[in-house]
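Here is the structure we will look at.
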Amino acid sequence: QVQLVESGGGLVQAGGSLRLSCAASGRTFSTYVMAWFRQAPGKEREFVAGISAGGGTTRYADSGKGRFTISRDNAKNTVYLQMNSVKPEDTAVYYCAGRRLSVLTTTPLTYEYWGQGTQVTASS
């Protein structure tokens, strides 16, 4: 069982930066594919970025390419999402998710473990 706790959300002006963190419990974190998803009011949860267990492979949604960077520190059981040049349309609740299988997927249903979410609000 893995528990995920996000932090780092808040209010940011458009064009600003924010770094989200997700701390995981358990000794098997380094074997999990990790990802960030987001959900805006009235919209479906969508993939933002994902990273392989070892950190060597990353994947981004088109909306965040060139602006967002996902990384992980397996020694600290933590995954990060660096958000730069934030836009008002990035406003959403951001969720950290993990899956035991090695394939980096973009579908929420394929992730077994979820955090409680952290709100990001980008003002124009």
Side-chain angles (χ1 to χ4, degrees):
Q1 189 75 11
V2 173
Q3 291 186 326
L4 304 175
V5 179
E6 302 98 333
S7 61
L11 179 65
V12 60
Q13 283 193 328
S17 297
L18 208 60
R19 189 174 84 154
L20 306 183
S21 299
C22 172
S25 66
R27 293 175 288 180
T28 56
F29 173 79
S30 62
T31 65
Y32 284 64
V33 166
M34 299 298 297
W36 288 94
F37 291 81
R38 67 186 183 186
Q39 189 166 17
K43 295 189 176 181
E44 292 187 351
R45 192 167 297 189
E46 65 176 5
F47 174 81
V48 175
I51 189 167
S52 60
T57 300
T58 57
R59 190 171 178 180
Y60 296 92
D62 288 342
S63 58
K65 281 181 182 176
R67 300 188 300 123
F68 296 173
T69 302
I70 188 170
S71 61
R72 66 190 298 163
D73 185 340
N74 286 342
K76 294 183 178 180
N77 277 16
T78 303
V79 62
Y80 305 97
L81 183 69
Q82 178 67 43
M83 304 171 63
N84 297 329
S85 302
V86 173
K87 303 176 181 180
E89 51 263 44
D90 293 324
T91 295
V93 177
Y94 284 71
Y95 296 91
C96 173
R99 69 191 303 261
R100 289 174 291 178
L101 298 179
S102 61
V103 176
L104 202 171
T105 63
T106 63
T107 307
L109 286 176
T110 61
Y111 285 79
E112 301 142 273
Y113 304 106
W114 291 85
Q116 81 289 349
T118 186
Q119 176 71 46
V120 171
T121 303
S123 62
S124 56

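A quick note: this is a predicted structure, and the numbers were derived from the prediction, not measured.
Expressed to the nearest 0.5 Å, how far CZ of Arg19 lies from OG1 of Thr69 amounts to 11.5 Å. Going from atom CZ of Arg27 over to atom CG of Asn77 covers 11.0 Å, rounded to the nearest 0.5 Å. Rounded to the nearest 0.5 Å, atoms CD (Glu6) and CD (Gln116) are 4.5 Å apart. Ile51 contributes atom CD1, which lies 12.0 Å from atom CH2 of Trp36 (distance to the nearest 0.5 angstrom). In this structure, the separation between OG1 on Thr91 and CD on Gln119 is 7.0 Å, given to the nearest 0.5 Å. Taking CG from Leu104 and CD1 from Ile70, the interatomic distance works out to 7.5 Å, rounded to the nearest 0.5 Å.
A chain of hydrophobic side-chain contacts below 4.5 Å, direct or via other Ile, Leu, Val, Met, Phe, Trp or Tyr residues, connects Leu81 to Val12. Leu20 and Trp114 end up in different hydrophobic clusters when Ile, Leu, Val, Met, Phe, Trp and Tyr side chains are linked at under 4.5 Å. The cluster map of Ile, Leu, Val, Met, Phe, Trp and Tyr, joined by side-chain heavy atoms under 4.5 Å apart, puts Tyr111 and Tyr113 in different clusters. Transitive grouping of hydrophobic side chains (ILVMFWY, heavy atoms separated by less than 4.5 Å) keeps Val86 and Tyr80 in distinct clusters.
Of all the heavy atoms in Ser85 and Asp90, the pair that sits closest is O-OD2, 4.5 Å. Closest of all the heavy-atom pairs between Pro88 and Ser124 is CG-CB, 3.8 Å. Taking each heavy atom of Thr58 and Tyr60 in turn, the nearest pair found is OG1-CE1, 3.6 Å. Minimum heavy-atom separation, Leu4 to Gly98: CD1-N, 3.9 Å. When all heavy atoms are compared, the tightest approach of Val33 to Leu101 is CG2-O, 3.5 Å. A pairwise comparison of heavy atoms in Ser123 and Leu11 identifies CB-CD1, 4.3 Å as the closest pair.
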Passes side-chain hydrogen bond (donor to acceptor under 3.5 Å, both in side chains), Tyr94 versus Arg38? Steps please.
CA-CA 4 Å; Tyr94 284 71; Arg38 67 186 183 186; 2.9 Å; yes
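The side-chain heavy atoms of Phe68 and Gln82, taken from C-beta on, include no pair separated by under 4.5 Å. Between Phe29 and Val2 there is no side-chain heavy-atom pair separated by less than 4.5 Å.
In this structure, Phe37 and Phe47 have perpendicular ring planes: the angle between them is above 60°, well past the 30° mark.
When the shell of 6.0 Å around CD of Gln13 is examined, it contains 12 or fewer heavy atoms from other residues, nucleotides or ligands. More than 12 heavy atoms of other residues, nucleotides or ligands sit less than 6.0 Å from atom CD of Glu112.
For the side-chain contact (heavy atoms from CB on, under 4.5 Å) with Val79, the lone residue among Ser21, Cys22, Ser71 that qualifies is Cys22.
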